[in-house]
Amino acid sequence: YTEYFESEEELIETLKLVIPEKVGEHIKGFGFIKGFAKTVRDGKELSKKQVTQCKRIASQIKLAYLEECKRQLGYIL
């Protein structure tokens with residue numbers, strides 16, 4: 001995950017910015033990302049196991065975040 005994020009905190013803060021309903025289900029680990037994003041947006045903490053899973057799918061979380069940014073800027077993917 002260190003290739004995509006400088007820290008666990010940055011990874012979790014990025015999850016807060018992802019709106020899974022508006023990014024593609026083609027993203028690997030979409031179900032995990034959707035659940036984790038909802039958890040952190042609701043102000044709850046992820047468990048150690050959830051953080052470990054986030055690290056495993058860090059590249060897909062980054063992809064989901066980039067898709068969200070493009071969507072907000074009006075790009076069509």
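Considering every non-hydrogen atom in both Leu46 and Cys54, the closest pair reads CD1-SG, 3.9 Å. Taking every heavy atom of both residues into account, Phe5 and Ala58 meet most closely at CE1-O, 3.6 Å.
The distance from the CD atom of Gln53 to the CZ atom of Arg56 is 5.5 Å, given to the nearest 0.5 Å. The distance from atom CZ of Phe36 to atom CD1 of Ile57, rounded to the nearest 0.5 Å, is 6.0 Å. In this structure, OG1 in Thr39 is found 6.5 Å from NZ in Lys44, a value given to the nearest 0.5 Å.
A side-chain donor-acceptor contact under 3.5 Å links Gln60 to the backbone of Lys28. With hydrogens and angles disregarded, a donor-acceptor distance shorter than 3.5 Å links the side chain of Arg41 to the backbone of Val18.
No more than 12 heavy atoms of other residues, nucleotides or ligands lie within 6.0 Å of CZ in Phe32, so this atom counts as exposed by the packing criterion. Heavy atoms from other residues, nucleotides or ligands lying under 6.0 Å from OH of Tyr65 number 12 at most.
Following chains of ILVMFWY side-chain contacts shorter than 4.5 Å, one can reach Leu63 starting from Leu17, so the two form part of one hydrophobic cluster.
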Side chains of residues 8-15: which donor-acceptor partners sit under 3.5 Å, not counting sequence neighbours?
| unit_1 | atom_1 | unit_2 | atom_2 | d |
| --- | --- | --- | --- | --- |
| Glu8 | OE2 | Lys55 | NZ | 2.7 |
| Glu9 | OE1 | Ser7 | OG | 3.3 |
| Glu10 | OE1 | Glu6 | N | 2.5 |
| Glu13 | OE2 | Lys16 | NZ | 3.0 |
| Thr14 | OG1 | Glu10 | O | 2.8 |

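For Lys38, the salt bridge (Lys or Arg N to Asp or Glu O under 4.0 Å) partners two or more places apart in sequence, or in a different chain, are Asp42.
Using a 4.5 Å heavy-atom threshold, the side chains of Lys62 and Glu67 count as separate.
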